[in-house]
**Q** 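Encoded as structure tokens, here's the structure I'll be asking about.
By convention in this document, chain letters (A, B, ...) are assigned in the order of the sequence lines, proteins followed by strands, and residues within each chain are numbered from 1. This structure is a prediction, so every number in the text was calculated from the model and none was measured.
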There are 2 protein chains.
Amino acid sequence: MTEKEFLSNYDRRDYLTPLLTVDTVLFTYHENTLKVLLVERANYPQKGQWGLPGGFVDENCDASLDDTVYRKLKEKTGVVPPYIEQLCTVGNSDRDPRGWSVTVCYTALIAHQACEAHIESVHSVKWASIEEIEGMTLAFDHYQLYLQARERLRQKSLYSIVPGFALPEVFTLAELQHVHEVLIGKAIQNKSFRRRLDQADLLIDTGEKRQERGRPANLYRLKSQSADYRFIRNLEF
Amino acid sequence: MTEKEFLSNYDRRDYLTPLLTVDTVLFTYHENTLKVLLVERANYPQKGQWGLPGGFVDENCDASLDDTVYRKLKEKTGVVPPYIEQLCTVGNSDRDPRGWSVTVCYTALIAHQACEAHIESVHSVKWASIEEIEGMTLAFDHYQLYLQARERLRQKSLYSIVPGFALPEVFTLAELQHVHEVLIGKAIQNKSFRRRLDQADLLIDTGEKRQERGRPANLYRLKSQSADYRFIRNLEF
DNA sequence: CCAATAGTGTCTATTAGACATTATCGC
DNA sequence: GCGATAATGTCTAATAGACACTATTGG
């Protein structure tokens, strides 16, 4: 038998493969806290429960897993977040009552304002603060996935400025530092934080300033390479 | 309709889901080089080509994806490696001629001696040195997966001693350092390397020594926490 | 001037790089 | 003693922590 013959005889419908979904833990920073996007399940199983945005691969729409993630996030937020990263893949026989099931889980970050209007227009989608989530029961193993995403993001806050993608396009250093502090769960030395940013040259100074109380703060924008930059030394926690 | 009714009406065979496999990039250190385990494909597609060890989830044997990985590695090597880590998941419509396909890829490390006998007894399984692999064409996108695993392991060699799991249970510091140097592609300052190990307290001194030429070298064993330890400062490369 | 917030100066502590030096073996 | 390899001493450089200090705004 040749490969060609094999393939023309091959029919995927002859085999049962596990259910396959993608899910995303999408973070934003708003009102001085981190928030995560939750979606109320419209269908069984676990209808009515809150869970992470995600769903099945659609072979007709999606050329790749990333496409599925983009499609699902666009449905819920109206946009594709500027930072998306694969977190982990969980697959076992228990996590979904429909049977052996696999989810490819992503972490993503977005500015709150970038999707504020769209989210308010869509029913059964909301931002939940991380305090709020602690007390919730999420669908399937989504709470576990959330915890893993949060822990990964905490690690990243020690050696990168990835958390900055949860801020608006233009932000102050105090805001950036605060996102990191929320993730780490502890205050960071202001001087240390600024020194690192200076040296790494990861921000564009917009020249603009913003004032609320006290001295006006410089406004910055993330450089494109900020997503990939890693400091060689961690903050210590 | 209740959830119970929904589930009793639900039949996974009504839906077509992507093909799902696991693959592992298994490294070892032998004869002063890093080697990767390759398997000759016994079946179509790409029959006869070398690729990574892996295969389909078997819902009857495997309670989780990790179980699938253990089962597949045990088939090829006779043992379960002491270090296994999820690398990434790749899914798209192109990578497998049978259709939309997803692979969950793992990186693993093992001592060469731990599976030497079993591998020699099994046909169509071999260790390929990293120099050898550079010139090869592997099945599907396995070469890409190999490159990603190698890059991740290179990063880890800068802030952990994970690469030590590619060594025999008992090893010298020179051997450990050399694995790191091969991964980094550059010599490491001997003093820096030893200082880090001293301070982190990651090794057990066996008290034994091994001599080949020159001064006998102390023999060490990895402590169990070595897999998870991260230095707060990277080696610089 | 005061309160408030932004941003800097500067000293210490830690840790990696560089490279010279010492230690321990076989012969 | 010599060659070889293992292991250490020690100085410098880089960078984080600590915390006091200065700067810029409104009232």
Side-chain angles (χ1 to χ4, degrees), chain A residues 32 155-161 164 167 170-181 183-221 229-237, chain B residues 32 155-161 164 167 170-181 183-221 229-237:
Chain A
N32 298 311
Q155 285 298 332
K156 295 227 173 212
S157 72
L158 299 178
Y159 59 74
S160 81
I161 55 165
L167 294 175
V170 153
F171 53 86
T172 68
L173 290 189
E175 290 171 332
L176 181 55
Q177 185 176 333
H178 192 243
V179 184
H180 283 247
E181 287 174 335
L183 282 166
I184 294 170
K186 200 181 141 187
I188 297 171
Q189 285 287 335
N190 179 270
K191 179 68 179 178
S192 301
F193 193 72
R194 285 166 186 267
R195 240 185 333 220
R196 286 156 71 91
L197 293 172
D198 280 357
Q199 288 170 359
D201 189 33
L202 294 172
L203 303 179
I204 300 160
D205 188 337
T206 62
E208 311 279 299
K209 288 181 190 299
R210 175 198 301 159
Q211 197 197 341
E212 278 160 354
R213 289 174 304 286
R215 176 173 170 178
N218 254 302
L219 291 171
Y220 295 90
R221 214 183 291 280
Y229 187 84
R230 302 291 174 262
F231 295 97
I232 64 164
R233 186 166 164 185
N234 283 18
L235 295 173
E236 289 169 359
F237 290 98
Chain B
N32 298 312
Q155 285 296 334
K156 295 227 173 212
S157 72
L158 299 178
Y159 59 75
S160 81
I161 56 165
L167 294 175
V170 153
F171 54 85
T172 68
L173 291 189
E175 288 170 335
L176 181 55
Q177 185 175 333
H178 192 242
V179 184
H180 283 247
E181 288 174 333
L183 282 166
I184 294 170
K186 199 180 142 188
I188 296 171
Q189 286 287 335
N190 179 271
K191 179 66 178 178
S192 301
F193 193 72
R194 285 165 187 267
R195 238 183 337 219
R196 287 157 71 91
L197 293 172
D198 280 356
Q199 288 171 359
D201 189 35
L202 294 173
L203 302 180
I204 300 159
D205 188 336
T206 63
E208 311 279 298
K209 289 181 191 297
R210 176 196 300 159
Q211 199 198 339
E212 278 161 354
R213 288 175 304 284
R215 177 173 170 177
N218 255 303
L219 290 171
Y220 295 90
R221 214 181 291 279
Y229 187 85
R230 301 292 174 263
F231 295 97
I232 63 162
R233 186 166 163 186
N234 282 18
L235 295 174
E236 290 170 356
F237 290 99

**Q** List in chain and number order the residues that pass ring-ring contact (aromatic ring centres under 6.0 Å, His included) with Y159(A), two or more places apart in sequence or in another chain; answer none if no residue qualifies.
**A** none
**Q** Which part of the nucleic acid does Q189(A) contact within heavy-atom distance under 4.0 Å: base, sugar-phosphate only, or nothing?
**A** base
**Q** How close or far is atom C1' of dA16(D) from atom OH of Y159(A), stated in whole angstroms?
**A** 18 Å
**Q** Between which nucleotides of DNA chain C, read 5' to 3', does contact with chain A run, using atoms under 4.0 Å from its heavy atoms?
**A** dA4(C) to dT14(C)
**Q** Using a 3.5 Å distance criterion without hydrogens, assess whether the side chain of T206(A) forms a donor-acceptor pair with backbone atoms of L219(A).
**A** yes
**Q** Once ring-ring contact (aromatic ring centres under 6.0 Å, His included) is applied, do any residues pair with Y220(B), and if so which ones, sequence neighbours excluded?
**A** none
**Q** Can you work out whether Q211(A) or F193(A) has the more 5'-proximal nearest nucleotide on DNA chain D?
**A** F193(A)
**Q** Tell me, please, which residues at least two apart from R233(A) pass side chain to side chain contact (heavy atoms under 4.5 Å, CB included).
**A** E236(A), R233(B)
**Q** Stepwise, does the side chain to side chain contact (heavy atoms under 4.5 Å, CB included) test hold for Q189(B) with L235(B)?
**A** CA-CA 10 Å; Q189(B) 286 287 335; L235(B) 295 174; over 6 Å; no
**Q** Quickly work out the R230(A) CZ to dT15(D) P distance and round it to whole Å.
**A** 17 Å
**Q** Roughly how many Å is it from CG in N234(A) to C1' in dG17(D), rounded to a whole number?
**A** 15 Å
**Q** Any side-chain heavy atom of N218(B) sitting closer than 4.5 Å to one from L173(B)?
**A** no
**Q** By side chain to side chain donor-acceptor pair (under 3.5 Å), which residues pair with Q211(A), not counting sequence neighbours?
**A** none
**Q** What residues form a salt bridge (charged side-chain N to carboxylate O under 4.0 Å, His left out) with R210(B), not counting sequence neighbours?
**A** E175(B)
**Q** How sharply is the helix from dC1(C)-dG27(D) to dC27(C)-dG1(D) bent, taking the axes over five pairs at either end and rounding to 10 degrees?
**A** 20°
**Q** With A200(A), which residues qualify under side chain to side chain contact (heavy atoms under 4.5 Å, CB included), at least two apart?
**A** L202(A), Y229(A), F231(A)
**Q** Specify the separation, in whole Å, of atom CD of E208(A) and atom P of dT24(D).
**A** 18 Å
**Q** E208(A): which residues meet the salt bridge (charged side-chain N to carboxylate O under 4.0 Å, His left out) condition with it, sequence neighbours left out?
**A** none
**Q** Can you build the contact string for nucleotides 5-14 of chain D? Use B for base contact, S for sugar-phosphate-only contact, and - for no protein heavy atom under 4.0 Å.
**A** BBSBBB----
**Q** Which residue lies toward the 5' end of DNA chain C, I188(B) or E212(B), if each is placed at its nearest nucleotide?
**A** I188(B)
**Q** Not counting sequence neighbours, list each pair that qualifies as a side chain to side chain donor-acceptor pair (under 3.5 Å) and has a residue in residues 190-204 of chain B.
**A** Q177(B)-N190(B), N190(B)-R194(B), S192(B)-R195(B), D201(B)-K223(B)
